[in-house]
Amino acid sequence: VVSYLLQYVLYRILAPEMRLNLALVNRATFRELFNYCFSLTVWSFGLLLVSGLDLTFVGLFQYRAVAFYAVATTLVTFVAGLHSAIFGALLSPMAVMHARTDREGLRRLLITATRYGMFLLLMIGLPVVLAARPLLRVWVGPAYAQGGSTLLQLLAIANIVRLSLTVYSVALISSGQQRLVIVAPLVEGLTNLTVSLIAGHYFGAMGVALGTLVGAVVGVLVQLFHSMRRVHEIPFGASDYWKATLRPLACAIPVTTIALFLAHFRATATHTYLAYGLSLFVTITLIWRLGLAAADRDSFKKRAVAYR
């Protein structure tokens with residue numbers, strides 16, 4: 001309440017020429033606001049089904065795992081919040097491009113931002129997935145590392161899948177097209193709820209985490225093959241999504257393969273360092289040659305020359 005009062009005071013100070021007028025509150029304005037906000041309310045309800053009930057289900061099916069699940073959720077929520085905060089800044093420029101009917105520019109921005117978003121997700125998420133146990137051991141101790149590492153891995157993978165469409169969601173909101181995308185968040189939320197209840201009954205906390213992963217995959221598929229076909233004002237389809245995400249995923253294969261191999265087979269410290277060094281070299285080469293578009297490479301080269 002205090003924050004809203006402070007906001008009103010600042011609004012009157014910074015924009016004294018603006019006045020509130022109750023005469024402007026009419027049926028048409030109400031209908032416009034309702035149509036815009038109703039779909040966002042549905043999105044929020046879907047998000048509640050995805051992440052708001054997990055701890056309740058874990059407490060219901062496997063109470064002793066609540067602390068482990070809460071720690072894993074905290075770390076994953078931090079990663080998701082960081083990613084969303086960064087790409088939420090695209091809301092205004094996308095709104096301007098949509099208002100100018102710059103369809104091709106908006107499409108290029110969506111593809112580029114989605115590709116960089118996937119790179120960021122992999123840079124933050126893969127270490128969490130591949131080094132979940134040592135990360136938790138350093139952060140909260142060995143007991144949590146043993147009990148929560150697999151939960152953290154499942155939740156991190158699920159959020160990498162879900163957040164791969166963050167930029168597209170920002171584009172929907174910036175253009176007011178989110179009203180056409182109601183089915184996907186509902187299907188994801190209901191799938192998450194159903195699988196979490198069934199799998200949680202049989203597998204406890206692991207089943208609840210599995211519900212999040214299955215819901216994320218189903219939600220993305222519904223977006224690609226249902227929602228995107230209905231949204232004609234956003235020039236971004238399933239082929240553009242795969243074009244933007246498969247390159248970063250391909251670049252992550254060397255490091256992921258080496259990490260999985262070393263996790264199952266013992267190696268000396270020297271061999272471990274050599275293997276990771278070689279995989280990082282291959283990964284960086286792939287990012288430069290495959291992950292970045294030609295325009296991105298040219299831009300980096302120009303900036304490097306200008307910096308010198």
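Numbers here are sequence positions counted from 1.
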Would you indicate whether the side-chain heavy atoms of V218 and E188 approach each other to under 4.5 Å?
-> no
Under 6.0 Å from the CZ atom of F45, do we count more than 12 heavy atoms belonging to anything else shown?
-> no
Are V58 and F68 side-chain neighbours, meaning at least one heavy-atom pair lies under 4.5 Å?
-> no
Same apolar cluster: M123 and I287, side chain cutoff 4.5 Å = no
CZ of R64: more than 12 outside heavy atoms within 6.0 angstrom?
-> no
Flag if over 12 foreign heavy atoms under 6.0 Å of CZ, F203 = no
Heavy-atom distance under 4.5 Å between the side chains of L286 and I253, does that happen here?
-> no
Is there any side chain to side chain donor-acceptor pair (under 3.5 Å) pair reaching into residues 91-102, and which pairs are they, with sequence neighbours excluded?
-> H98-E233
CG of L151 to OG1 of T73: how many Å apart, nearest 0.5 Å?
-> 8.0 Å
Are the side chains of Y36 and E32 in touch, meaning some heavy atoms are under 4.5 Å apart?
-> no
Answer yes or no: does atom OH of Y11 have more than 12 heavy-atom neighbours from other residues, nucleotides or ligands under 6.0 Å?
-> yes
Listed partners of Y168 passing side-chain hydrogen bond (donor to acceptor under 3.5 Å, both in side chains), at least two apart = none
Do N159 and V79 have side-chain heavy atoms sitting under 4.5 Å apart?
-> no
In the hydrophobic clustering that connects Ile, Leu, Val, Met, Phe, Trp and Tyr at side-chain heavy-atom distances below 4.5 Å, which members other than L274 occupy its cluster, ordered by chain and number?
-> none
Crowding at CZ, F61 (>12 non-hydrogen neighbours, <6.0 Å) | yes
Is the number of heavy atoms from other residues, nucleotides or ligands under 6.0 Å of R27 CZ greater than 12?
-> no
Residue pair H83 / I124, side-chain heavy-atom distance below 4.5 Å = no
